[in-house]
Amino acid sequence: MLFSDFFSKPYVVVMWSIDPKDFFQPSAAAITRSVLSQATSGAIVLLHDGGGDRQQTVEAVSAIIPKLKQQGYRFVTVPQLLQMQAAQKQPNGDLKPK
């Protein structure tokens, strides 16, 4: 695919709002603290699964998910998040037709 083709397709560019910089391989505790201190509704967390040993990232995720669930957060896919955001923009709360 050519770069110019990208703009003719129905792609959505998704960025992250929390980057604990786990690619520097900090401790699991540091990654966990970073994510938990920045967590907000609708946040997208960037974590890496390649480029070396990621055991600390795996350990952090094992701590982050239960703690965020305890705080009332739930986990959704990006398409679900986009639908939820669209519904909030509608005056009657209904989703826009596709």
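Values in this document were obtained by computation on a predicted structure and should not be read as measured data.
- To the nearest 0.5 angstrom, Gln56 atom CD is 12.5 Å from Phe24 atom CZ.
- The shortest heavy-atom contact between Leu68 and Ala39 is CD2-CB, 3.7 Å.
- Hydrophobic cluster membership is shared by Val14 and Leu81, with clusters built from Ile, Leu, Val, Met, Phe, Trp and Tyr side chains linked at under 4.5 angstrom.
- Put simply, the side chain of Gln25 never gets that close to the backbone of Arg54: no donor and acceptor are under 3.5 Å apart.
- Side-chain heavy atoms closer than 4.5 Å link hydrophobic residues (I, L, V, M, F, W, Y) into clusters, and following such links, possibly through other members, connects Leu36 to Phe75.
- The line from CZ of Arg33 to OG of Ser27 is 5.5 Å long, rounded to the nearest 0.5 Å.
- Between Gln80 and Thr77, the side chains place a donor N or O and an acceptor N or O closer than 3.5 Å (distance only, hydrogens not considered).
- In this structure a side-chain-to-backbone donor-acceptor pair under 3.5 Å is missing from Tyr73 to Ile65.
- Transitive grouping of hydrophobic side chains (ILVMFWY, heavy atoms separated by less than 4.5 Å) brings Leu46 and Val78 into a common cluster.
- Minimum heavy-atom separation, Pro26 to Pro20: CG-O, 4.4 Å.
- Counting heavy atoms from C-beta outward, Thr57 and Phe23 have side chains that stay 4.5 Å or more apart.
- Put simply, the side chain of Asp22 never gets that close to the backbone of Leu47: no donor and acceptor are under 3.5 Å apart.
- Under the 4.5 Å side-chain contact rule for hydrophobic residues, Met84 and Val13 share a cluster.
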Would Ile44 and Met15 satisfy side-chain contact (heavy atoms from CB on, under 4.5 Å), going step by step from the backbone distance to the final call?
-> CA-CA 8 Å; Ile44 296 176; Met15 300 297 289; over 6 Å; no
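- A donor-acceptor pair under 3.5 Å is formed between the side chain of Gln38 and the backbone N or O of Ser34.
- Ala60 and Ala28 make their closest contact through CB-O, 3.6 Å (heavy atoms, listed as atom of the first residue, atom of the second, distance).
- Here Ile31 contributes atom CD1 and Glu59 contributes atom CD; the two are 9.0 Å apart, rounded to the nearest 0.5 Å.
- Residues Trp16 and Ile64 do not share a hydrophobic cluster, clusters being chains of Ile/Leu/Val/Met/Phe/Trp/Tyr side chains in contact below 4.5 Å.
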